[in-house]
Amino acid sequence: MSEEDSDSKFKKGDYSVHVFLEDGKGILPLNDSGKSDPLISVKVFDKEKCTKALDDVGAGAMVYWGEHFYFEKANCQSADMESQRLKIEVKDSKFFSNSIIGSYEIDLSFIYSQKNHAILHRWFAICNPHSEDFSLMRGYLKLSISVLHESDKPVDLCVAESAAAKEELMLPTQIKLETTQLIVQLLKADNLPIMDDGGTLDAYCLVTFGTAEKKSSIKIADKATMSAYWYEEVYVPVIVPCVSSRLTITVLDRDTVSKDDLVGSMSFSWDKIQQGVYNDYFWANIYGAPPNVTNEEAEIMNNCDNLASHWRGRVLLRAFSQNTNKAVMKVQPIEEPGIKKLVQQTYEIETDYHIMAQVFHAECLPTKDSAYWISIKWAGIELKTQSPNAQKGVCRWNENLKRKATGIPYKALLPDIFVYLMQDNKPISFARLKAKNYSDPNPKEKWIRLYREKAIGKIKNDWEGGFVKLRIYLGEAENEEVDLSNWSKLAPPMPGAPKILLCNIFQCKGLPPADSDGLADPYIKIYCSGEEASTDPKAKPKTLNPMWYETLSLKVAFPSIESGPPIIVQVWDYDAGSSDDFVGMCVVDLADAGVDCEVSPRPRWYKLNMGREGTEEGEVLMSFSIHDPARVPRYAIKPACMEVNVEIIALGLRALKPALGWMPVNKAYVKVNLNSIQIPGEDLLIQELETQPFESGPNPNISSVLSFTCKIPIEPLYCPVLTCYVHDYMLSGLSKPLLGAFSIDLSEVLVKRRESVKMKPIAQEDVSENLARAMSSPTFQPGQAEKIFVATEEVAVQERGDVDQTAEPEQDESAPLLSENQQEENSSTVKTKTSIFPEQKAVIVPKRSYTTNPLSLSEAQNGDMLKMPTFNYDPIKKRDIEAKFIDNHYIGVGYNRIPGDGRKHYRYLLDEELEKSIFFGETALDVFDIKKGQSRGLNSGDRVDASGEESTVRSAGKFKGLIRIQGDINSPPNDEFDKIAKSLLVKTDVLVRVYVLNAFNLSQKDLNSPSDPYIKISLGKNVIDDRKNYIHDNSNPDFNRSYELNATLPGDSLLKIKVYDYDDFAPDEKIGSTEIDLEDRFYSSTWNSIPQKPVETRPLYIKSCRSPQGFIRLWVETHPLYRPAPVWDLTPKPESIFETRLIIWKSEGVPNADPEGVSDLYVRAWVNNLEPKETDTHYRCQRGAGSWNWRMKFRIPVHEKMQSAVNLQLWDRDFFSANDIIGDASFDFKDLALEAWDSGLRTKMLGKAEGAQDRLMRRESEKFWVDFKKREKDGTEIKAGKVLISFELVPEAKADACKVGEGREEPNIDPPLPAPEGRMQFSLNPIKMLNQMCGPEVRMKIYCWVCSALCCMLLIFMFPMLLSNTITSIIFG
């Protein structure tokens, strides 16, 4: 597996999920009102967090949230993380309940597989899987998401997008989505377990993919066959490309009174579904927890089939996908004719398979004398042994289990074989075996390790599962070609010839502490073939690195080495007053042992664990050999030794924690236990050495040399580990409590010294003398005083010839240009490097050009950690413009008041701590962690360690010094060691500068808002509390502050940078802290060879959690106290207040909203999230031609990270009902705002001109049209007219100097806004009023109605006259 592949796999440990909700747009309303009140819900790790609801948001509005959500989960297993999903829901906020607008679900495994385990600035399309039209995109959210393990590098989700990224995001791939119909056809299930009191179960299937879930109907299983019949197909909509990787089918039992019971689950790869792997019907196996168990472990097994311990039946199904324009979610009967007949004639036709097994015996069982039996289950059948009593932890069966057969349906996947160790009719441990691995009819006897059944919980510890020896064959019953004659009868057990197993125990190292003082009293137990041997439990007290050089012998008997039992090695901690504590174990294959060896086999280191993978801690050095009892040799396992002198230069102790929390450290000293390295048989004249308690406090300087002579093995494999204790000297020596212990692995010292022979030694002079010489030199320059070591890497480069030394250096840009004099001084610092080693020459490396590759060490030593901006004259803007800096490995610091004034620079940025980078190198000091506490044998601790065990282990401080072994013929010369040791004895006063730029991903300490962070820095007794400069409600604050502290080195050198959350009334709560050891840097040749220090990203931790609580970016410099370098200017360009002036002129083509054929139009607008403002209302507006001439003013801060969106809405005002939204629009003005911020001038937005001629010439105008649109509930988008607007940004000072009125109020200037045209005017002329009150179509209808009425009235009035005339003409002829 490649490093990249392994990096994308989940690991065991603590995880954090960070979701940055940036923007949203196109959020569809759920009703005809055209607006919604959206809020966002984020769910993961069974936790949910929500944003606040926004009011009256139209589908065309661009919404800005800018909210961060943080989720953490401790002690996660990799399988658990694989099944975790992140769900994001958009809801319409209502008074009583929230309605779902849409949702999006993404697997955490998908995010973790991305580069840096993060997705940055991506648009996600949301849809509603429960709606009739799943394919309808109901809105878009812009998100950044990271999923990080505790050991992963940090990711800043707020990093600015590049220009290229912005262009890509205009049409993100998620918006061009297609819908696919996932169809799961469920026919029937067989061999289901009994779940109800009636002897059956009410079975149904829950089909889950992404956010979509759909249940099948409930079917009562047949009591005789425990079969359930569905013959249904479940339709689940899928958006492609999707970020959910698996289809999960969970089988449940319906309960009317209580919660439905889980039967088990099945999972299928989405990629295989798309490839058509599951197109045909097949039988899928259901796996789950033990029957009738409902605890937390059982629920995990029922939901994660790969963790299950039982087979729970099978389901006949198929799963396939179809491309469709409209995916749906539903359940319906399968209408395929003859499907039931097909099942009966094809998929219910069974092939007989039989399983046979021979069970021999088991070893290392949980209890030594209980009754056990083995149960082998496969596909609903069970093979069982008798239940004899174990003896000495060994249970012997030697049974040939009766062969059993069962029918396996056509197209059925063979289920796994489960082997259970049974006690009191309960499976206490099990093994899950793949059926394909047991198809050999003549298998060899095999030892299988059993793992505890967590759901049952009868075994509490993983190492107690036991081992069983057996043979299993699984195959077709009617296969006549298979010879099964060797299965007919089990031969009597052959005890085998007695043998002697010699176990050569050399030593252990790095054992986990099992006592409260951070030590242990270890001894070893060895089990094999029912025999046990042990070292003396009391022989090795108070050590984590015991040495025995002892041989234990066990009388064993086995037919052959190949089939012999494993050797189980256990390390225990002896406790006199209570039961012994388990420390660790390892399993050794008997084949690793030598046979009848004349000399002792070469030992090897075996890692110890707690009975499961991922819990390794500590090692044991052992070898094994098997002999005939008559010819047992007497090995001399003691290695060849040499007499050496071990010299420990003790610089001091740092950051000591008191023995009692309420008492400070008084006078600490170091005690070296020489017995810990005493090879048995070798005498030591001195048993222990001590330093003198001299300085008080938690950071005492010892400045002592501890030297002793001893014998150590020549070969580093056998080298012992020296144990040292740290005590506190209290009450004039009456009390000497233990503060902690540390270990020095002499093999590492020996190997390190021997390897250094191959390197050319570098002559070094005394540090303090050379520092004084450098500072007294006339060529000394400020800013270079920290360079007190030579760049040893540069010398190595020069000797190798890797660098072209004839290249001419470019002009340095690495120094702050605070003044002309300083500019002249700093420009020469790289050309004439001050070195305290005059015999060595600095290497001139060509300057680094702009690139995206990481910086090399030689480039850093040449000053390329720092770049100065360049400027080009812009003839259009008539001023110097800074050229774009394209190297994303640098971060901008400060800003230029005028172009080229040197106030701004770009500094190299590390995404990790400096100590983990190539720019730190190896420290000249040997540093050892002092530990105290216990991680084995605890029932409850204050935390859980990486192995999952309760632990109270904590760091009690550090020991610093130098270790040398003399007397080895391969030892290097001692000049280097002596001169470094000499430098440690000279104290130097320095000025420490800490430049803090920003922090990100800070954990939330306030209940309903982000934290209010501020900085607190301490170095020894010097404390800087910057509480007054706290930043309100910001989880990603920009501090941009520098701090200065004095220090004396060597001495109290632990620099602590803490971030606190400010609270008004409650005590401030610590968010996290990071620590920097200045001595490690001060004495690091690599760090001192770099003239300008990089910005490092450091995690912030608290004691109660292993995951970082955030990250902080900073860099640290040290300078001579009496002549420090100039301070770098971190001041960011301050935000400027601008007045945004938005003028709404008129509209065209707005559809009528009232039945009269008119609208009462007004425009509602807001900038960013400011309070919306409205124009006056154009009553009875006809033909959509509204007129306002209305000015709106908004005061906004403009800065680099600002939000910049203008939202416009067209409304129709109603008096007797709610106002109706006609359409909306939005536009971004980020570029305009940054241009105004940079120039400090009034800046206007230009757009499409109003005049036809200007449009034809493609001229831009200060007045421009904005198109309005409206999205209906079904997603269709309709035009809603257009509005002519003007938009500009005016600096606050100019806005106050030349004020303009809101709306059309005075002062109505710049530009003056005339009264709107086309407004309704009162008139006594009814025709005129009618023309104003109604639209043309309505007026035409009214005119027609009036004419018709007049005609009718005329006819009515003329009818008597016409009638009389007619009658008269008839009568009178």
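Atoms considered below: every heavy atom in the structure, side chains included; atoms not considered: hydrogens, waters and symmetry mates.
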Trp270/Phe209 aromatic ring centres below 6.0 Å: yes
* To do: Step by step, work out the salt bridge (Lys or Arg N to Asp or Glu O under 4.0 Å) result for Glu348 and Lys188.
  => CA-CA 10 Å; Glu348 290 184 348; Lys188 60 174 295 190; 2.7 Å; yes
Check whether NZ of the Lys or CZ of the Arg Lys330 lies under 6.0 Å from the centre of the six-membered ring of Tyr235 and within 45 degrees of that ring's axis. yes
With sequence neighbours left out, the residues meeting salt bridge (charged side-chain N to carboxylate O under 4.0 Å, His left out) with Arg396 are none
Across all chains, not counting sequence neighbours, the salt bridge (charged side-chain N to carboxylate O under 4.0 Å, His left out) partners of Asp253 are none
Closest non-hydrogen contact found for Val147 with Asp152 is O-OD2, 4.5 Å
**Prompt:** Is the Trp463-Phe582 ring centre distance short of 6.0 angstrom?
**Reply:** yes
Check your understanding: Between Tyr420 and His310, is the ring centre distance below 6.0 Å?
Key -> yes
Result for side chain to side chain contact (heavy atoms under 4.5 Å, CB included) between Tyr204 and one of Ile218, Val263, Leu186 points to Ile218
Handout entry: Cation-pi check, Lys411 onto Tyr347 ring (under 6.0 Å, within 45° of axis)
Key = no
Looking at Phe10 versus Tyr112, is the centre-to-centre ring distance below 6.0 Å? yes
| Taking the six-membered ring of Tyr287, is NZ or CZ of Arg432 closer than 6.0 Å to its centre and within 45° of its axis? | yes
Residues pairing under side-chain hydrogen bond (donor to acceptor under 3.5 Å, both in side chains) where one sits in residues 465-475, two or more places apart or in two chains, turn out to be Gln358-Arg471, Glu445-Lys469
